[in-house]
Protein chains: 2
Amino acid sequence: MLGDRPNPAPTDRRAARREATKAEILDAAWSIVRENGLGALALRDLAARVGMRAPSLYQYFASKYAIYDAMFAQGARAGLEAMREIPIDDPGAALREGAHRFFEFATSDPARAQLLFQRTIPGFVPSPEAYATAVETLELTRARLAAVGITDPDATDLWTALVSGLVNQQLANDPGGTRWARLIDRTVTMYLADVASLPPAPTKGKK
Amino acid sequence: MLGDRPNPAPTDRRAARREATKAEILDAAWSIVRENGLGALALRDLAARVGMRAPSLYQYFASKYAIYDAMFAQGARAGLEAMREIPIDDPGAALREGAHRFFEFATSDPARAQLLFQRTIPGFVPSPEAYATAVETLELTRARLAAVGITDPDATDLWTALVSGLVNQQLANDPGGTRWARLIDRTVTMYLADVASLPPAPTKGKK
DNA sequence: GTCTATATGTGGATAGAC
DNA sequence: GTCTATCCACATATAGAC
């Protein structure tokens, strides 16, 4: 039996090296995508950036979609972390801070936003695992709203529409600028006034 | 000189036939795009739908981008027409009707919305002529807001953010549903209250 | 004049040599 | 584990049949 396994436990070493290479590939993918747009990711270019030929990438990712999926997971994780640990001073402040952080997260990297929030790559659908992180972020937002006393589903949907609207207009019509960023506080104030003016909305039962 | 021009004036006939074929191609392109997504437009498929081979399309459009551009122009024209002739009963009603019409226009055809409002095809930029129609629609909205007494640029930007936010959330998270459509009236009311509560904003001069 | 046949270049992806 | 060679689908361009 001696010598049957020439590598007693180098498995973790291999795995670590492998993970490092995958990370390197993903970094290169992000740089391409940020430079030339999300749709401009070509495996040949990507391979060249990490000193490989295109087919070698298939040792690390099963397909181009798998690369997009890993990028989606990274982006979603970054978004979740950006939204974590917001100090709650008063009702309005927490929401305001949340809006600012999300806006900053989304507009600071247009390519990432396109990957996460628009379904723009033909045929690409994020895997359940990758998507779970995105859902977690939404849950966190929901919880934050609830902490402020907002539990009405309509009010929650309205909130997401407001924030996403500001982000979208900023990205589409004034990328890199502040035309819609300047409207965040006003929008939050407007939203809070609206929610306050409406009845708490009965949790169940029609009319 | 006689006989030099064997076709004295069939030019308009030819032109008419040609335009008809172009229209037929565009119709087929829309149907493909609505079925399989905006990015799924392949010239082979498109040609097959109109009984041609791919290269023949180049007799009618200089490139694939030219097809997208013609589609963009058609979409923008449809949007402009959808927003025209809104009866102005009272300030709120006109805005409300405008929001509903735009929402309906944008959400009723996701592929068209993607072409018009998201820059999703790599390398495609609408021609100035096609884009002019889209700008015209925005001007119309601006004029409608002005008719209601809203001329503050910030208030105008806020309006577009609100409407686009509702549209985006509807398309992204509940396509074909009414989850955000139901919030249009509430959003308009909220917006009008906000605009009314703020000072008219001095047209010029800082502070 | 209109379309077909054909060719080129660029993608993603796979098989097999080393 | 990385390479070369290759395949297939696609957009695109040109030559020539009808």
Side-chain angles (χ1 to χ4, degrees), chain A residues 6-7 10-26 28-29 32-33 35-71 115 120-125, chain B residues 3-26 28-29 32-33 35-72 115 120-125:
Chain A
N7 304 327
T11 319
D12 44 353
R13 281 258 162 133
R14 293 246 173 95
R17 185 78 199 85
R18 189 182 158 76
E19 287 310 307
T21 305
K22 287 181 77 169
E24 195 184 341
I25 291 169
L26 290 179
I32 289 176
V33 146
E35 283 170 30
N36 307 343
L38 191 61
L41 182 63
L43 294 191
R44 281 170 168 76
D45 298 351
L46 177 54
R49 291 218 186 189
V50 293
M52 287 181 184
R53 300 301 180 87
S56 302
L57 294 174
Y58 284 82
Q59 294 296 327
Y60 301 94
F61 295 97
S63 70
K64 192 182 181 181
Y65 289 155
I67 295 175
Y68 277 129
D69 197 57
M71 294 171 77
L115 177 63
T120 184
I121 294 128
F124 170 66
V125 182
Chain B
D4 266 17
R5 307 257 311 274
N7 302 328
T11 319
D12 43 354
R13 280 260 162 129
R14 294 248 172 91
R17 184 78 198 86
R18 190 181 158 76
E19 287 309 308
T21 305
K22 287 182 76 169
E24 196 183 340
I25 291 169
L26 289 179
I32 289 176
V33 146
E35 284 170 31
N36 307 340
L38 191 61
L41 183 63
L43 295 191
R44 279 174 169 73
D45 300 349
L46 178 55
R49 292 219 186 188
V50 294
M52 288 179 184
R53 301 300 182 86
S56 301
L57 294 174
Y58 284 81
Q59 294 297 325
Y60 301 94
F61 295 96
S63 71
K64 194 180 182 182
Y65 289 155
I67 296 176
Y68 278 128
D69 196 58
M71 294 172 78
F72 186 100
L115 176 63
T120 186
I121 295 126
F124 170 66
V125 181

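Just so you know, these numbers come straight off a predicted model, no measurement behind them. Residue numbering restarts at 1 for every chain, and letters A, B, ... go by the order of the sequence lines.
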Open item on the list: Could you work out, with side-chain hydrogen bond (donor to acceptor under 3.5 Å, both in side chains) as the rule, every residue matching T120(A), not counting sequence neighbours?
Closed with: Q114(A), T120(B)
Open item on the list: Using OP1 and OP2 only, check whether a side-chain N or O of Y58(A) sits under 4.0 Å from dT14(C).
Closed with: no
Task: Positions of residues 35-44 of chain B (non-hydrogen atom under 4.0 Å from DNA chain D), listed by number - done: L41(B), A42(B), L43(B), R44(B)
Task: Atom pair distance, as rounded to whole Å: NZ in K64(B) and C1' in dA9(D) - done: 12 Å
Open item on the list: With rounding to the nearest 0.5 angstrom, report the CE to CD distance, M52(B) to E24(B).
Closed with: 7.0 Å
Task: Counterpart residues, salt bridge (Lys or Arg N to Asp or Glu O under 4.0 Å), relative to R49(B) (two or more places apart) - done: E35(B)
Open item on the list: From CZ of F124(A) over to C1' of dG12(C), roughly how many Å is that when rounded to an integer?
Closed with: 16 Å
- [ ] For residues 46-65 of chain B, pull every pair meeting ring-ring contact (aromatic ring centres under 6.0 Å, His included), keeping only residues two or more places apart or in separate chains.
- [x] none
TODO: Write out all pairs satisfying salt bridge (charged side-chain N to carboxylate O under 4.0 Å, His left out) with one or both partners inside residues 53-70 of chain A, taking only residues at least two apart or from two chains.
DONE: none
- [ ] Could you state the atom-to-atom distance from CD1 of I121(A) to P of dG12(C) in whole Å?
- [x] 12 Å
Task: Atom pair CG (L57(B)) and CD1 (I25(B)), whose distance is rounded to the nearest 0.5 Å - done: 5.0 Å
Open item on the list: Output the rounded distance in Å from CZ (F61(A)) to C1' (dG1(D)).
Closed with: 16 Å
Open item on the list: Would you compute the distance between atom OG of S63(A) and atom CG of L43(A) and round it to the nearest 0.5 angstrom?
Closed with: 9.0 Å
Any protein N or O atoms within reach of nucleotides 2-4 of chain C? Criterion: under 3.5 Å, listing atom names and distances.
unit_1: dC3(C); atom_1: OP2; unit_2: Y60(B); atom_2: OH; d: 2.5
unit_1: dT4(C); atom_1: OP2; unit_2: R53(B); atom_2: N; d: 3.0
unit_1: dT4(C); atom_1: OP2; unit_2: S56(B); atom_2: OG; d: 3.0

Open item on the list: Tell me whether Y68(A) contacts the main-chain N or O of L38(A) through its side chain, where contact means a donor paired with an acceptor under 3.5 Å.
Closed with: yes
